[in-house]
Amino acid sequence: VDCIPQDVLQAVISGIHSSNPEALRPENLSRLSPRVLWSCVHYFPTETSVPSMYQQLLPDLDWGFLRRRAQQLSEKALENRRQAEEKQRLQNGKKSEALDLDQGSQAISAVEHAMEHLQEYQAEDRKAKTAQAALARLRRQQQANNDENDAWTLTTPSEPDRDELRECIKTSIPVTDKRTTSSTIITKWITQLMKECHVHNWRELANVPDAAVLANKLGVPGENVQAWIDHAQDESLGEIMVEVCDGDVDAAERLTVQARSGTPKDLAAWRSIPDLLLEELRKPIQVNNSEDSS
């Protein structure tokens, strides 16, 4: 089964919880969306029940209805042993159950589809935002340095950007007290990063030399902080390449795709052979037609 990314899984289950919570009962979910169910199992292999997986994934939601329903069903089962239902009522009950399951299936499919497309949109949105941030920072740098004779230098921006830090943190969220960390604690870490650690954006986070020191200040496991730094470095490289290209986003993309030079270090390797670099960039972009031929 193709597992759903954990952040998308959270949004999917949260959406189903608000629109059709009955679909989240394990016996219903196993028929409606095995993909969602097995994604929960994948991310929480030590949990022994599906409700406990829900609790780990979304601790702020109310999952008590799962227990209440089980008690009601046991009472109805005792009553049904004493009295047989009429055939027509039995048929209507089956139809009603089929209708509920159909509605639940539609709800899950709709939310899954929407969230997966939202993830694609967010990826493109992050890409555009990165380019815009790099351009804005480049303009500020150029305004601060009007002397055309000065050599180009890389300047790490210090402007606060809570969204950038939040994105880095969400790549590796620690689990505390057997509960998935809430957005409140993430906001607290962002504030600590800015005020206590003087880390205001992912460019500054990318420059942190020792993850252990930062982890001790925040009270977060070192492996999680290292994952934040790794993500910050990946995002910063894209920004830096745009700055190197004087704000030309297309040029930075062509360097990455056609010349396989997505970092300043890669680009520096062409210093002695700029003509070959130009030759690579002038080549038409090759499109993979393997799918068309199949």
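- Under the side chain to side chain contact (heavy atoms under 4.5 Å, CB included) criterion, V208 pairs with V199, L205, L214, I229, sequence neighbours left out.
- No hydrogens or angles considered: nothing links the side chains of W270 and E280 as a donor-acceptor pair under 3.5 Å.
- Cluster annotation: V36 is connected to F65 through the hydrophobic network of ILVMFWY side chains, with a link wherever side-chain heavy atoms come within less than 4.5 Å.
- Between the side chain of Y54 and the backbone N or O of L24, at least one donor-acceptor pair lies under 3.5 Å.
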Next on the checklist: Would L9 and C40 count as a side chain to side chain contact (heavy atoms under 4.5 Å, CB included) here? Give the steps.
Outcome noted: CA-CA 8 Å; L9 181 65; C40 291; 4.1 Å; yes
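- Partners of A251 according to the side chain to side chain contact (heavy atoms under 4.5 Å, CB included) rule, which considers only residues two or more places apart in sequence or in another chain, are C245, D248.
- A salt bridge does not link K217 to E196: none of the charged nitrogens lies less than 4.0 Å from a carboxylate oxygen.
- Under the 3.5 Å distance criterion, the side-chain polar atoms of N201 are matched with a main-chain donor or acceptor of P157.
- Residue S14 holds its OG atom at 8.5 Å from CD of Q10, rounded to the nearest 0.5 Å.
- Under a hydrophobic clustering in which Ile, Leu, Val, Met, Phe, Trp and Tyr are joined whenever their side-chain heavy atoms come within less than 4.5 Å, directly or via other members, Y43 and V41 fall into the same cluster.
- Atom CD1 of I16 sits about 11.5 Å away from atom CG of N28, to the nearest 0.5 Å.
- Taking all atoms of both residues into account, the shortest heavy-atom contact from G222 to A215 is CA-CB, 3.8 Å.
- Here the side chains of E235 and H231 are in contact, with some heavy-atom distance below 4.5 Å.
- Put simply, the side chain of Q226 never gets that close to the backbone of A211: no donor and acceptor are under 3.5 Å apart.
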Checklist entry - So L281 and L277, side chain to side chain contact (heavy atoms under 4.5 Å, CB included) or not? Walk me through it. => result CA-CA 6 Å; L281 295 177; L277 175 60; 4.2 Å; yes
Checklist entry - Passes side chain to side chain contact (heavy atoms under 4.5 Å, CB included), H17 versus L58? Steps please. => result CA-CA 10 Å; H17 185 280; L58 293 165; over 6 Å; no
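- With sequence neighbours excluded, the residues satisfying side chain to side chain contact (heavy atoms under 4.5 Å, CB included) with S49 are P51, S52.
- Under the 30°/60° scheme for interplanar angles, the aromatic rings of W189 and W228 are found to be tilted.
- If you take CD on Q6 and OG1 on T171, they are separated by 11.5 Å, rounding to the nearest 0.5 Å.
- Panel note: side chain Q258, backbone R282; no donor-acceptor pair is recorded below 3.5 Å.
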Checklist entry - Can you list the steps and then say if R260 with D266 is a side chain to side chain contact (heavy atoms under 4.5 Å, CB included)? => result CA-CA 8 Å; R260 294 175 295 281; D266 295 335; over 6 Å; no
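- Using a 4.5 Å cut-off on side-chain heavy atoms (C-beta onward), S261 and T256 make no contact.
- Follow the hydrophobic side-chain contacts under 4.5 Å out from L237 and you never reach L255; the two are in separate clusters.
- For the pair S172/E223, no side-chain contact is recorded, criterion being any heavy-atom separation below 4.5 Å from C-beta on.
- Neither V213 nor L193 shares a network with the other; the hydrophobic side chains, linked directly or stepwise wherever heavy atoms of I, L, V, M, F, W or Y lie under 4.5 Å apart, form separate groups for each.
- Looking only at distances, no side-chain donor or acceptor of E47 sits under 3.5 Å from a matching main-chain atom of M53.
- Residues Q233 and W202 form no side-chain contact, since every pair of their non-hydrogen atoms from C-beta on lies 4.5 Å or further apart.
- H200 and E159 share no donor-acceptor pair across their side chains, judged by distance under 3.5 Å alone.
- Under the 4.5 Å side-chain contact rule for hydrophobic residues, L267 and I273 share a cluster.
- With rounding to the nearest 0.5 Å, the separation of CG in L165 from OG1 in T187 is 11.0 Å.
- Remark: the backbone N or O of R35 is paired with a side-chain donor or acceptor of S39 at under 3.5 angstrom.
- Atoms NZ and CD, on K170 and E167 in that order, are 9.5 Å from each other to the nearest 0.5 Å.
- For R162 and T191, the side-chain atoms include at least one donor-acceptor pair closer than 3.5 Å.
- A distance of 10.0 Å separates CG in L32 from CD in E27, rounded to the nearest 0.5 Å.
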